[in-house]
K.L.:
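Right, I'll just put the structure down here and ask away after.
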Amino acid sequence: MPKYIADFEHPIVELEKHLNDLKKNPSSTKKSYAREILRLEQEIDRLKVRVYRNLTPWQRIQLARHPERPQFLDYLSELFQNFIELRGDRLYGDDRAIIGGLANFNNFRVMVIGNEKGRKIKDKLEHNFGMPHPSGYRKAARLFRLAAKFHLPVVSFIDTPGAYPGIESEEHGQAGAIANNLRILAGLKVPVIAINIGEGGSGGALALGVANRVFMMENAYYSVITPEGCASILWGDSAHAPEAAAALALTADKLFKFKLIDGIIKEPLGGLRGEVLSVAAQLNEILLAALTELTGWDGEKLADERYKRLRKIGVFSEDKFYELAQGMRLIKGE
Amino acid sequence: MPKYIADFEHPIVELEKHLNDLKKNPSSTKKSYAREILRLEQEIDRLKVRVYRNLTPWQRIQLARHPERPQFLDYLSELFQNFIELRGDRLYGDDRAIIGGLANFNNFRVMVIGNEKGRKIKDKLEHNFGMPHPSGYRKAARLFRLAAKFHLPVVSFIDTPGAYPGIESEEHGQAGAIANNLRILAGLKVPVIAINIGEGGSGGALALGVANRVFMMENAYYSVITPEGCASILWGDSAHAPEAAAALALTADKLFKFKLIDGIIKEPLGGLRGEVLSVAAQLNEILLAALTELTGWDGEKLADERYKRLRKIGVFSEDKFYELAQGMRLIKGE
Amino acid sequence: MPIRDWFNKKKIRSPKQPTSKRTVPVGIWSKCADCNKIIYQKELFDNHFVCPECGHHYRLSAWQRIKLLTDPETFRETESGLSAKDPLKFKAGKTYAASLARAKKKSRLKEAVITGRGKINGVTVGLAVMDFNFIGGSMGSAVGEKIVRLIELSIAEKLPLIIVTSSGGARMQEGVFSLMQMAKTSAAIGRYQRFGLPYISILTNPTMGGVTASFASLADIIIAEPQALIGFAGPRIIEQTIKKKIPEGFQSSESMLKNGQIDMVVERGRLKSTVSTLLAMLTLGEAANA
Amino acid sequence: MPIRDWFNKKKIRSPKQPTSKRTVPVGIWSKCADCNKIIYQKELFDNHFVCPECGHHYRLSAWQRIKLLTDPETFRETESGLSAKDPLKFKAGKTYAASLARAKKKSRLKEAVITGRGKINGVTVGLAVMDFNFIGGSMGSAVGEKIVRLIELSIAEKLPLIIVTSSGGARMQEGVFSLMQMAKTSAAIGRYQRFGLPYISILTNPTMGGVTASFASLADIIIAEPQALIGFAGPRIIEQTIKKKIPEGFQSSESMLKNGQIDMVVERGRLKSTVSTLLAMLTLGEAANA
Ligand SMILES: [Zn+2]
Ligand SMILES: [Zn+2]
């Protein structure tokens with residue numbers, strides 16, 4: 001399988017290829033050859049740092065969508081034990097774009113739920129590229145309630161381009177299913193911890209994300225609209241997606257600055273590829289700390305804290321004088 | 001439209017036809033003609049009394065299924081005011097085999113829900129002959145919960161051959177939908193009153209029928225299985241349905257004797273046809289009494305009473321000696 | 001009218017694709033944007049901006065809607081001083097600041113929702129009405145905040161809650177701040193609903209995206225005006241995804257009703273009386289049960 | 001095994017129409033009723049009556065099932081003295097009395113369900129197991145009563161509840177008394193579930209009608225054995241109604257799983273350990289959360 005390469009990675013890949021070719025054909029004199037190898041290696045390192053330390057939002061989105069990026073099931077198998085999958089919404093289906101069940105995390109018993117995109121093409125189709133139908137959100141709702149009943153914390157992994165925009169999903173109440181999850185999660189009497197591991201595509205992502213603690217991987221994004229969609233609306237051309245991505249302030253660092261998330265999990269240079277080991281320790285620590293803290297709280301406090309977190313989100317201006325003037329006008333009968 | 005005539009009504013209809021013919025052709029001498037008319041009228045009355053006062057269970061089922069028998073919407077329009085229909089299960093559909101909404105009944109505000117079969121062929125198709133899909137039961141469940149939230153008594157009208165036995169209805173969880181309604185109704189914190197106005201077809205009917213007070217029309221039936229189904233199983237031939245109907249003890253008088261229902265609404269001789277006026281006063285009285293009594297109770301008491309009613313249903317034998325002996329054998333290690 | 005006839009009468013109208021951008025034509029006489037018939041402007045006014053010929057429901061401004069629903073002189077606005085900021089200094093093509101300025105001028109509003117107390121046939125309610133003229137009725141921080149404050153006020157004063165939506169969804173110019181208003185408003189509705197107070201939402205053309213997928217869908221009773229466009233994803237996005245045309249009447253009020261997502265489709269002329277009857281049924285008024 | 005591989009591995013087996021009347025063949029060597037391969041009887045026994053060749057799950061008696069699920073010598077039966085009466089003096093073709101007598105003789109049971117306390121890997125549970133050999137595992141008054149008494153006992157003693165079903169549905173010979181057991185058991189489950197205790201139901205071949213449409217479907221976790229027939233209406237009634245053949249695999253455990261009605265399909269060999277893990281997850285044991 002050819003390695004997937006994002007546009008902005010081409011210069012690095014070119015140099016790497018050149019280096020490899022050189023290594024395969026040691027034709028030059030030994031001294032200049034070794035020097036050339038060293039030079040190339042240094043250049044690659046410098047380039048990598050320059051590219052990956054200065055990623056634009058759009059470039060981060062490429063990494064968040066990278067086909068080799070670890071997915072929910074990879075984290076599940078690395079960080080959790082004794083996973084028992086619970087399937088179905090008890091209504092109309094078992095949406096494979098959302099997977100959930102019971103598991104152990106260190107000493108904790110938890111309900112773990114996440115978007116799964118699928119890796120191979122067959123899996124991608126089965127998991128619908130991580131885009132849930134209403135059935136998936138309703139399965140999640142069932143599991144949220146089950147978790148609350150049995151006093152199990154909910155740990156959710158967000159990684160979806162968004163809720164599936166199709167005919168049946170609309171007919172079966174996509175909007176209502178998402179809204180219902182927002183309401184359920186907000187009021188849940190157990191700890192809820194959400195981790196955005198890749199794509200946080202709008203309401204379809206938020207439907208697993210109303211939590212007491214929200215974390216993001218360094219190259220994950222969270223957005224009200226896809227940059228492509230935003231660009232289509234504002235420029236009439238999705239090619240402006242990179243600019244839209246920049247305008248939307250959708251990266252982890254921005255969201256952390258805005259205090260919309262609680263922490264960022266650092267990724268290796270170039271973003272996660274294939275394996276989760278490089279972030280497992282961080283994730284483990286962050287989750288363990290959150291669970292340890294939150295399981296000490298009672299249900300009311302957990303729901304209240306979640307509400308308070310949401311309650312204060314928003315930036316707006318408040319013109320008390322205007323309001324007063326409006327009131328006066330009314331009294332004067334204008 | 002030709003009037004629908006059940007088998008056992010043919011002798012009556014024959015005589016009535018004869019009488020009509022005679023009336024249309026007054027060819028005889030005046031005296032004998034008048035006498036003949038009178039004789040026929042008396043004979044018809046006698047026959048009617050003989051037939052209708054001695055209905056077999058199977059004959060009652062014919063009346064319960066009679067195409068001219070009043071249906072839920074007829075009672076709704078006669079007995080309730082300001083009906084506002086509430087549609088949809090908020091999941092996948094709006095099943096027209098179950099209709100429900102808010103209404104006034106005398107001084108009460110109630111949630112009224114019932115099976116509707118439809119009268120004309122187009123309506124029958126729309127209402128699926130009164131056979132609900134899971135969506136219908138889930139709509140009912142939503143309205144039950146809404147009633148509980150707003151402290152409204154539930155009045156339900158049962159009239160269904162049964163839950164629809166189809167492919168989609170099974171795939172979409174017919175069994176689970178019915179079970180869920182049984183559980184919800186049993187625990188509902190508002191008064192629930194059920195009236196079986198015609199067919200009480202098995203679990204599909206019971207899903208609207210777990211109530212504090214259950215009434216039946218005189219010619220309604222309530223059965224664990226259709227007589228045809230029962231006959232098919234026991235004789236391998238549904239033609240034995242009349243015998244099965246007798247064996248199943250499914251008529252209102254039997255159920256009242258068994259204390260499974262609280263009252264019977266008397267029907268005019270020959271059963272209800274077309275109009276509900278002849279039973280409206282009785283129904284009004286019975287419902288008013290039940291509502292007046294039950295709305296005085298608090299939610300816990302209502303749910304408790306409903307549970308106690310169910311709890312004692314069942315006829316079985318209990319062999320305490322056998323149980324003891326079993327225990328002894330165990331102790332002796334046999 | 002006997003109920004059975006009424007049932008037969010109110011057949012679902014063959015739904016057609018809702019029209020999304022129709023404003024009332026100007027002039028004494030004008031042509032209906034839907035049926036093309038010539039209509040007398042005054043008649044349209046008197047008919048609550050519903051075409052007397054074809055029943056097309058023209059879009060109402062928030063204040064027109066408030067006038068339609070509330071008893072005269074009873075509406076008192078709350079939080080009128082609240083309006084949008086620009087937390088992201090958003091610029092994509094044009095700036096958010098410019099969009100806001102233009103919207104204010106065009107709509108004569110400070111934000112895309114008006115909230116307040118008002119009476120509906122004598123019953124005081126908490127009322128929010130969105131206005132599509134203000135950046136497509138989109139929900140940003142200020143809209144979310146106004147709605148949540150109205151919900152909290154309705155809890156405090158034990159008022160029934162009525163929200164009339166008309167919105168393209170979340171306001172993208174505020175990024176994740178807008179997205180989070182979905183969760184914030186839904187959470188507030190969840191709190192409100194613990195108190196056994198009735199929440200009725202009225203969906204008008206169009207109600208899409210983050211508004212449908214939050215407070216609008218969480219009402220005890222959901223009403224829609226006829227032939228409104230209602231859904232989550234926009235029709236164009238769906239067509240791009242499934243790579244075929246969407247069917248006629250898809251995402252219309254009528255199909256939402258058929259698909260079990262809303263309680264009823266109510267024509268504008270019957271809207272106030274319907275809400276009023278529902279309030280009488282769901283709140284403890286003079287005809288109490290116990 | 002990494003979870004991803006495990007996911008890829010446990011693909012839904014192409015479901016075929018579940019076989020409904022297969023009993024274990026008799027003899028030292030016998031032919032599997034499903035795959036027709038010759039199997040060694042002892043191997044079948046050791047494999048919990050699952051064909052070692054094709055995985056066909058033969059029906060288990062209630063006592064075999066109890067042996068499979070509970071730790072040795074830990075099961076204590078309750079209400080063993082409870083059995084059916086004949087409230088309707090039912091006679092249709094043959095009498096109910098005769099059916100009961102024959103069932104008792106054939107199954108060596110007093111009723112179609114065994115209830116009691118037992119331990120599953122050390123955890124005490126309330127356990128009910130239905131037996132298809134007793135009038136098709138049908139639920140009459142005694143079965144309903146035994147199940148409700150077990151539920152009440154499990155409430156009183158704060159025990160997890162496990163019910164293994166195998167039933168054609170309600171017992172028609174008791175008429176509406178049977179029908180009402182659906183409501184009675186469902187109501188009791190509703191009460192049980194207020195206490196935050198876990199209820200796991202295990203559906204085995206077949207689970208139909210009034211049993212599926214009551215307590216069996218109300219569990220927190222619903223497990224099914226592979227290729228069991230599970231549904232409400234019988235396949236024949238459906239075929240008569242829709243006037244065509246039902247599709248392959250319809251009403252199988254596997255299609256129930258795909259259709260979102262159950263949590264998992266678990267092979268008999270993994271049943272006890274799965275239930276045990278679930279109990280550990282759902283009850284406050286040694287690895288408590290707080
Ligand atoms: Zn027009
Ligand atoms: Zn075999």
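So that the names make sense, note that chain A is the first sequence line, chain B the second, and so on, each numbered from 1.
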K.L.:
Can you say whether B:Ser202 sits under 4.5 Å from chain D via the side chain, the backbone, both, or neither, judging by heavy atoms?
P.N.:
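For B:Ser202, heavy atoms of backbone and side chain both lie under 4.5 Å from chain D.
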K.L.:
What part of B:Asp237 gets closer than 4.5 Å to chain D, counting heavy atoms only: side chain, backbone, both or neither?
P.N.:
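Neither part.
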K.L.:
Side chain, backbone, both or neither: which part of D:Ala84 has a non-hydrogen atom closer than 4.5 Å to chain B?
P.N.:
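Backbone of D:Ala84 only, per the 4.5 Å heavy-atom cut-off to chain B.
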K.L.:
Going from CD1 on D:Ile237 to CD1 on B:Ile225, what distance comes out if it is rounded to the nearest 0.5 angstrom?
P.N.:
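It is 6.0 Å, given to the nearest 0.5 Å.
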K.L.:
Sort B:Ile167 into side chain, backbone, both or neither according to what part of it lies under 4.5 angstrom from a heavy atom of chain D.
P.N.:
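Backbone plus side chain of B:Ile167, per the 4.5 Å heavy-atom cut-off to chain D.
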K.L.:
Can you check whether D:Ile242 reaches B:Glu168 side chain to side chain, under 4.5 Å on heavy atoms?
P.N.:
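The answer is no, as the side chains (C-beta and beyond) never meet within the 4.5 Å cut-off.
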K.L.:
Examine whether an atom of B:Ile184 lies under 4.5 Å from a heavy atom of chain D, and if so say whether it belongs to the side chain, the backbone or both; otherwise answer neither.
P.N.:
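No part of it gets close to chain D.
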K.L.:
Tell me, for B:Leu260 versus chain D, whether the close heavy atoms (under 4.5 Å) come from the side chain, the backbone, both or neither.
P.N.:
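Contact with chain D is through the side chain of B:Leu260 alone.
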K.L.:
Rounded to the nearest 0.5 Å, what separates atom CZ in B:Arg309 from atom CE in D:Met180?
P.N.:
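B:Arg309 atom CZ to D:Met180 atom CE measures 9.5 Å (nearest 0.5 Å).
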K.L.:
Go through the atoms of B:Tyr222 and report whether side chain, backbone, both or neither lie under 4.5 Å from a heavy atom of chain D.
P.N.:
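Both backbone and side chain.
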K.L.:
D:Lys89 versus chain B, heavy atoms under 4.5 Å apart: side chain, backbone, both or neither?
P.N.:
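When you check distances to chain B, no heavy atom of D:Lys89 falls under 4.5 Å.
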K.L.:
Side chain from CB out, backbone as N, CA, C, O: work out which of these in B:Phe321 comes under 4.5 Å of a heavy atom of chain D, or both, or neither.
P.N.:
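Neither part, no heavy atoms under 4.5 Å.
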K.L.:
Step by step, would you call B:Asp304 with D:Arg191 a side chain to side chain contact (heavy atoms under 4.5 Å, CB included)?
P.N.:
CA-CA 10 Å; B:Asp304 279 353; D:Arg191 300 220 137 194; 2.5 Å; yes
K.L.:
To the closest 0.5 Å, what do you measure between CE (D:Met208) and CD (B:Glu170)?
P.N.:
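Those atoms lie 6.0 Å apart.
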K.L.:
Could you measure the distance from the NZ atom of D:Lys110 to the CZ atom of B:Phe316? Nearest 0.5 Å is fine.
P.N.:
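Interatomic distance, D:Lys110 NZ to B:Phe316 CZ, rounded to 0.5 Å: 13.5 Å.
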K.L.:
Taking the side chain as everything from C-beta on, heavy atoms only, tell me whether D:Phe215 gets closer than 4.5 Å to B:Leu182.
P.N.:
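Heavy-atom side-chain distance check fails, nothing below 4.5 Å.
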K.L.:
So which heavy atom on D:Met172 is nearest to which on B:Val224, and how close?
P.N.:
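Of all heavy-atom pairs spanning D:Met172 and B:Val224, the closest is CA-CG1, 3.7 Å.
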K.L.:
Counting only heavy atoms closer than 4.5 Å, note whether B:Leu324 contacts chain D via side chain, backbone, both or neither.
P.N.:
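Looking at B:Leu324, nothing touches chain D.
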K.L.:
Is D:Glu111 close to chain B through its backbone or its side chain, or both, or neither, when contacts mean heavy atoms under 4.5 Å?
P.N.:
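The answer is neither part of D:Glu111.
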K.L.:
Less than 4.5 Å apart, side chain to side chain, heavy atoms only: is that true for B:Glu171 and D:Phe250?
P.N.:
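B:Glu171 vs D:Phe250: side chains touch.
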K.L.:
Which answer fits B:Leu206, side chain, backbone, both or neither, if we ask what part of it has an atom under 4.5 Å from a heavy atom of chain D?
P.N.:
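Side chain only.
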K.L.:
Heavy-atom distance under 4.5 Å to chain D: side chain of B:His172, backbone, both or neither?
P.N.:
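Interface part for B:His172: backbone (N, CA, C, O).
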K.L.:
Using a 4.5 Å cut-off on heavy atoms from C-beta on, say whether the side chain of B:Tyr164 contacts that of D:Thr241.
P.N.:
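D:Thr241 reaches B:Tyr164 side chain to side chain.
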K.L.:
Is the side chain of D:Glu77 donor-acceptor paired with the backbone N or O of B:Glu323 at a distance under 3.5 Å, no angle test?
P.N.:
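Not confirmed, D:Glu77 side chain does not pair with B:Glu323 backbone.
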K.L.:
From B:Ser169 OG over to D:Ile238 CD1, what is the distance, rounded to the nearest 0.5 angstrom?
P.N.:
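One gets 6.5 Å once the value is rounded to the nearest 0.5 Å.
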K.L.:
Are any non-hydrogen side-chain atoms of B:Gln174 and D:Thr212 less than 4.5 angstrom apart?
P.N.:
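SC-SC contact between B:Gln174 and D:Thr212 ruled out.
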K.L.:
Sub-3.5 Å donor-acceptor pair from the side chain of D:Lys184 to the main-chain atoms of B:Ile313, do we have one?
P.N.:
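Yes, because the side chain of D:Lys184 sits within donor-acceptor range (under 3.5 Å) of the backbone of B:Ile313.
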K.L.:
Quick check on D:Glu174 against chain B: is it the side chain, the backbone, both or neither that has a heavy atom closer than 4.5 Å?
P.N.:
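Side chain only.
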K.L.:
Quick check on the interface: out of D:Arg194, D:Glu79, D:Glu73, D:Gln240, who has the most heavy-atom pairs with chain B under 4.5 Å?
P.N.:
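Ranked by heavy-atom pairs under 4.5 Å with chain B, first place is D:Glu79.
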K.L.:
D:Ala216 versus chain B, heavy atoms under 4.5 Å apart: side chain, backbone, both or neither?
P.N.:
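Neither part; nothing is under 4.5 Å.
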K.L.:
Indicate yes or no: does B:Glu318 engage D:Lys146 in a salt bridge with an N to O separation below 4.0 Å.
P.N.:
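No, B:Glu318 and D:Lys146 are not salt-bridged.
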